[in-house]
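Note on naming: letters A, B, ... go to the chains in the order of the sequence lines (proteins, then strands), and numbering restarts at 1 for each one. Small disclaimer: the values here were computed from a predicted structure and weren't measured. The analysis underlying the following values was restricted to heavy atoms, covering all of them including side chains, and did not include hydrogens, waters or symmetry mates.
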Number of protein chains: 2
Amino acid sequence: MARSGTTKKVTRIQREKTEAILNAALDVFSKHGFRGSTIDMIATNAQLSKPNILYYFDSKETMHAQLLERMLETWLEPLEQMSGDGDPVNEICGYVQRKLEMARDYPRESRLFANEILQGAPHIIDQLSGPLRALTDRKAVVIQRWIDEGKLSPVDPYHLIFSIWSTTQHYADFDVQVQAVLGDAKNLRFEQAQVHLDTMFRALLTRD
Amino acid sequence: MARSGTTKKVTRIQREKTEAILNAALDVFSKHGFRGSTIDMIATNAQLSKPNILYYFDSKETMHAQLLERMLETWLEPLEQMSGDGDPVNEICGYVQRKLEMARDYPRESRLFANEILQGAPHIIDQLSGPLRALTDRKAVVIQRWIDEGKLSPVDPYHLIFSIWSTTQHYADFDVQVQAVLGDAKNLRFEQAQVHLDTMFRALLTRD
DNA sequence: GTCTATACATTGATAGAC
DNA sequence: GTCTATCAATGTATAGAC
């Protein structure tokens, strides 16, 4: 293995190749799921040979695991940014917007995650009931406090968060369907979604 | 083949076995996706031998295609029920409830569909830009008419429908995640979701 | 109609030349 | 570090006995 054992130094070339491979792997895994993807597909996409891929990564699973690990970090980030100090409605709607931007700019990551969850989350179930649950619990407390202080209309914090996740990710995961029904260009679809989701969650949070 | 050619008669036994196989196939396909599923898994689940499965169905694809076809019918049904004559808010919220009940009672079908869409809908892209789009267009006209008549707060009909699809199906497709975060029993989760979604869409449709 | 046995293709991973 | 060749395992589908 190039990146283990005696030599700890990782050259620029090595890092760039690893990145190129991971990028190709993300392409393939997000489109076909783990079992639907073959190392050959990844090799073709990365313009490398199959054994060359396996020189940089021990196995198909290693690539998949690394991609999932990365994705989970960026996945949790937008929610962590939601601050308990700002204006409640703006904080939540800001989170919605960031999440929608992620669906627009990183649809592959969203689909990789969706594929994993659909299969029962075999590789990340621990992260779901660990870090993800902990983060959600923390933010649910903040939202509940806002409600108790009369700054938000009463709403179940957890299901509010689920609604934010589902509506925003829908534009990445079900993009084919959205496009089949709407037909519009991608940028236009996301501008419409932006307005719509802001309207919806604002209505929910500020009803009388 | 048992069900083609000279004999057109389909016995009760044959029909029951075909049903049992399709039921097992739905179990497996919805959990592992098309390529992640093997005929062996389906055979084990149906308590039959692999060749016996292939006696009733030409191929793995045939089973998958039949399941998708069935699912699409039931998928379109709840939206078709939404009548242009009733009370607008109740009609839409009734649709939300029916869709949520489907996610609760037929999660396998929902996941089968989600898997197919995630992979780019290779087998049903025509149904999406055909029947599904046509139905959505019809209902969007109804919703727009309600808005023009002042019976609903202004909202983009298409993105309203997307929000209904995404929030309800989320409880089937992302069930593992919902359970990891909430931990509650399934029935409780769906009761909470029912209240939450009714509140949310009612707020959106009746804001001032 | 249902089974065992097997043909044939795909695929993950390794060996060894260069 | 990268390639060709190949192994072993898995999986779809068929042949043929019963």
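Every side chain to side chain donor-acceptor pair (under 3.5 Å) that Asp175(A) has, sequence neighbours left out, goes to Arg189(A).
The distance between atom CD1 of Ile21(A) and atom C1' of dG1(D), rounded to the nearest whole Å, is 12 Å. One can place CE of Met41(B) at 11 Å from C1' of dT10(D), the figure rounded to the nearest angstrom. In this structure, Lys50(B) places its NZ atom 7 Å from C1' of dT12(D), rounding to the nearest Å. Between the C1' atom of dA13(D) and the CD1 atom of Ile39(B) lies a distance of 7 Å, rounded to the nearest Å. For Leu54(B) and dA7(C), the CG to P distance is 18 Å, given to the nearest whole Å. In this structure, Met63(B) places its CE atom 10 Å from C1' of dT12(D), rounding to the nearest Å. In this structure, the CD atom of Gln47(A) is 20 Å from the P atom of dG1(D), given to the nearest Å. In this structure, CD of Glu61(A) is placed 13 Å from C1' of dA13(C), rounded to the nearest angstrom.
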**Request:** Would you sort out whether Phe174(A) and Phe113(B) count as a side chain to side chain contact (heavy atoms under 4.5 Å, CB included), showing the intermediate values?
**Result:** CA-CA 10 Å; Phe174(A) 285 68; Phe113(B) 183 75; 4.1 Å; yes

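For Arg35(A), no side-chain nitrogen or oxygen approaches OP1 or OP2 of dT10(C) to under 4.0 Å.
Of the listed nucleotides (dG11(D), dG12(C), dG1(C)), dG11(D) has the atom at the smallest distance from the side chain of Thr38(B).
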Please tabulate the protein-to-nucleotide N/O contacts below 3.5 Å involving nucleotides 2-4 of chain D, giving atom names and distances.
residue : atom : partner  : partner atom : Å
dT2(D)  : OP1  : Lys17(A) : NZ           : 2.3
dT2(D)  : OP2  : Asn52(A) : OD1          : 3.2
dT2(D)  : OP2  : Tyr56(A) : OH           : 2.7
dT2(D)  : O5'  : Asn52(A) : ND2          : 3.4
dC3(D)  : OP2  : Ser49(A) : OG           : 2.7
dC3(D)  : OP2  : Asn52(A) : ND2          : 3.1

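Among the protein residues, Ser37(A) comes within range of the sugar-phosphate backbone only, with heavy atoms under 4.0 Å from sugar or phosphate atoms but none that close to a base.
No donor-acceptor pair under 3.5 Å is formed between the side chain of His159(A) and the backbone N or O of His196(B). At distances below 3.5 Å, not a single donor-acceptor pair connects side-chain atoms of Lys99(A) with backbone N or O atoms of Ile164(A). Checking side-chain atoms of Gln127(B) against main-chain N and O of Ile124(B) turns up no donor-acceptor pair under 3.5 Å.
Under 3.5 Å, the side chains of Gln179(B) and Lys186(B) contain no donor-acceptor pair of N or O atoms.
Ion pairing between Glu19(B) and Arg70(B) holds under the 4.0 Å rule for side-chain N and carboxylate O.
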